[in-house]
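Let me begin by presenting the structure, written as structure tokens, before commenting on it.
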Amino acid sequence: MRDSGLSLSPPRLITRRHFLWGTAAVAALAAGCAGTGKSPNRTLVIGTATKPNSFDPQYQYFGPNRQAHMPVFEPLVMYGPGLELNPALASAWRAVDATTWEITLRPNVVFHDGSPFIAEDVVFSLDRAGKVPNSPSSLGVFVRAIDKIEIVNPTTLRIRTKAAVPLLMNDLANVPIISKKISSGATTASFNAGIGVIGTGPYRFLKWDGDLIQYQAFEGHWGGRQPWSHVNVIALAQAEARVQSLLSGQCQLIDQVPPESVARLRSTATVRLFDTPSNFLMFLHMDQARQVTPFVTDKQGKSIPNPLRDVRVRKALSLAINRAALSKEVLGNSAVPANQLLPPSFPGTIQGLQGIPYDPRAARQLLAAAGYADGFRLVMHGTDGRYASDKQVLGAIALGLREIGIDAQSVSLPSNEFFARASAGSGKNGEPEFSVIQVGWASVEPSGVLKGLLATPNKSTGFGASNRGMYSNRKVDDTLARALQTVDNHAREDLIREATRQAVVEDQGIIPLYYPTSTWAALQDVRYLPRVDSATYPMDAMAA
């Protein structure tokens, strides 16, 4: 790079064999699906960067899973494209008192098999959400505050919580509702086999076959007809494969447009671009629990005490990252450098917080003060294709760390392999396998990030379910607990700011990197309503 001291590798090339397989599959899908029923006889083909690892809608809090499930399964309330909270299976809700919520269920809703949606389905779903075996990131965090649920009448529930939970409805937006009749006794394996994948959503599930998901419009949906009779979603992890599938007309909509393709697509007359700033934080998680961590050694390859447990080392790593250069040079000006958990436009964020400087000299001084003047060897892990330019970003970070004397290497893996190996329980003694990982997280306010990523892991509360660095700070836990039980919005936001300052600014529990801009591209006859949470749902695609 001209002004950053980093040398970046060129974009990865896609093999001809992979490209031909992907575009041939998309072409077959586009040509082979004829719609029936009241929805227009039209198929939408989406090329997406991600794919689910399960079709159990309650197996894991994981963006690609949620994206795949939402057309089929609905929560009580759902986030709109701007993260506004909208009615779904609940038509209304109100706080009766500090620990009681009354929820009015939408009447005359049916599941895809024609059976009625009833209050018992909600009770069953909220109970199951925290009990799915072997979940790498349990939905239990969203329901553990519930003490009991009372069915007042067929369309009214009262949820009583163990303490004040002012954000309960936000939590319940993350829990898909399934049928008690259909899903009693269902397992993750049976859902994955396509058995009982029956919800109330606008689309019926037809098929999941690795990289391919097929849906059919559900004509009995309470929200009315959809503009597409069929939707086919194909996973094309290679960014150039997605772009070429759009330009050839084999896909009508693609997500995660790579920064290097934006100018080309913008100048293409047959293509529209849709983008929005996101609530997505890209960050580094660091192993702060183990006395010895597997991917850190001295420069001769010998085991050493885990340096990531020292806050000075964590801060040195952060200072060695040139966020401005990453955003401009690697991500093509399609990201904003991050210094906290969400951009400052979101409630509960720290206003006026200075950006994290790029300061290799200060980083080397911190390493020396921590006893690592000669550095150490570090292997970092991340995804390949889950996020825009993720492999290139991790490589650039590794180069920056070498500038301060750390022999850093980057290893990028397919998403399914990465998340399986990065989760708690994947390594020896039930610990995460990796030492430093690059990953992303979306939330509507910082408490969601704190609760999922920085709270001490606790199976009884569900907190820290995605805390892959096993970070733990009692002060942060106490401040967060008080915030989550504070009904007054201003007081709660002050506590959330305090917890963010403790966990991120002072303790460097994670290293914020940047907030990406999300970009979709579509052919001229398709319009897409871009989502702040970066998800790609067929419900947000319309015929132009």
(request) With sequence neighbours left out, write down each residue that passes salt bridge (charged side-chain N to carboxylate O under 4.0 Å, His left out) with Arg160, or none if nothing qualifies. (result)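 Counting only residues at least two positions away or on another chain, Arg160 forms a salt bridge (charged side-chain N to carboxylate O under 4.0 Å, His left out) with Glu150.
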
(request) Could you pull out all residues at least two apart from Glu498 that satisfy salt bridge (charged side-chain N to carboxylate O under 4.0 Å, His left out)? (result)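 Partners of Glu498 under the salt bridge (charged side-chain N to carboxylate O under 4.0 Å, His left out) test: none.
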
(message) Enumerate the salt bridge (Lys or Arg N to Asp or Glu O under 4.0 Å) contacts for residues 475-485, please, sequence neighbours excluded, ordered by first and then second residue.
(response)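 Passing the test, one end in residues 475-485: no pairs.
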
(message) Taking salt bridge (Lys or Arg N to Asp or Glu O under 4.0 Å) as the cut-off, I'd like each qualifying pair that reaches into residues 499-515, sequence neighbours left out, listed once.
(response)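 Passing the test, one end in residues 499-515: Arg314-Asp507.
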
Can you list every ring-ring contact (aromatic ring centres under 6.0 Å, His included) pair that touches [range], not counting sequence neighbours?
range	result
residues 439-483	Tyr61-Trp441
residues 302-322	none
residues 496-520	Trp520-Tyr528
residues 369-415	Phe280-Tyr387, Phe295-His381, Tyr372-Phe376, His381-Phe434

Return the set of residues passing side chain to side chain contact (heavy atoms under 4.5 Å, CB included) with [X] (not counting sequence neighbours), or none when no residue passes.
X	answer
Ala324	Asn322
Ala68	Pro52, Phe55, Ile213, Tyr215
Pro360	Tyr358, Arg364, Ile404
Ala521	Leu246, Ile254, Val257, Leu265, Val271, Leu273

(message) Within the supplied structure, the quantity of interest is the number of heavy atoms (other residues, nucleotides, ligands) at a distance under 6.0 Å from Lys459 NZ; does it exceed 12?
(response)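 At most 12 heavy atoms, drawn from other residues, nucleotides or ligands, come within 6.0 Å of this atom.
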
(message) Looking at Gln351, I want to see if its CD is surrounded by more than 12 non-hydrogen atoms of other residues, nucleotides or ligands under 6.0 Å.
(response)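 Enclosed: over 12 neighbouring heavy atoms sit under 6.0 Å from CD of Gln351.
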
(request) Given side-chain contact (heavy atoms from CB on, under 4.5 Å), test Gln60 with Val132 step by step and report yes or no. (result) CA-CA 9 Å; Gln60 181 183 6; Val132 178; over 6 Å; no

Has the side chain of [X] got a donor or acceptor atom that lies under 3.5 Å from a matching backbone atom of [Y]?
X	Y	answer
Thr349	Phe346	yes
Lys299	Asp374	yes
Gln438	Met282	no

Just by distance, no angles: are the side chains of [X] and [Y] close enough, under 3.5 Å, to form a donor-acceptor pair?
X	Y	value
Thr48	Asp255	yes
Thr383	Asp390	yes
Ser472	Thr456	yes
Thr479	Arg497	no

(request) Grab the two heavy atoms, one from Ser54 and one from Asn65, that are nearest each other, plus how far apart they are. (result)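 Closest heavy-atom pair between Ser54 and Asn65: N-OD1, 3.8 Å.
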
(request) Compare every heavy atom of His285 with every heavy atom of Ser466, then report the nearest pair and how far apart it is. (result)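 So the minimum-distance heavy-atom pair works out to O-CE1, 3.5 Å.
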
(message) With rounding to the nearest 0.5 angstrom, report the CD to NE2 distance, Gln58 to His69.
(response)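 It is 10.5 Å, given to the nearest 0.5 Å.
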
(message) Taking Asp533 first and then Arg66, would you say they form a salt bridge - that is, a charged N and a carboxylate O separated by under 4.0 Å?
(response)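 Salt bridge absent between Asp533 and Arg66.
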
(request) Would you sort out whether Leu317 and Leu284 count as a side-chain contact (heavy atoms from CB on, under 4.5 Å), showing the intermediate values? (result) CA-CA 10 Å; Leu317 299 184; Leu284 297 182; 5.8 Å; no

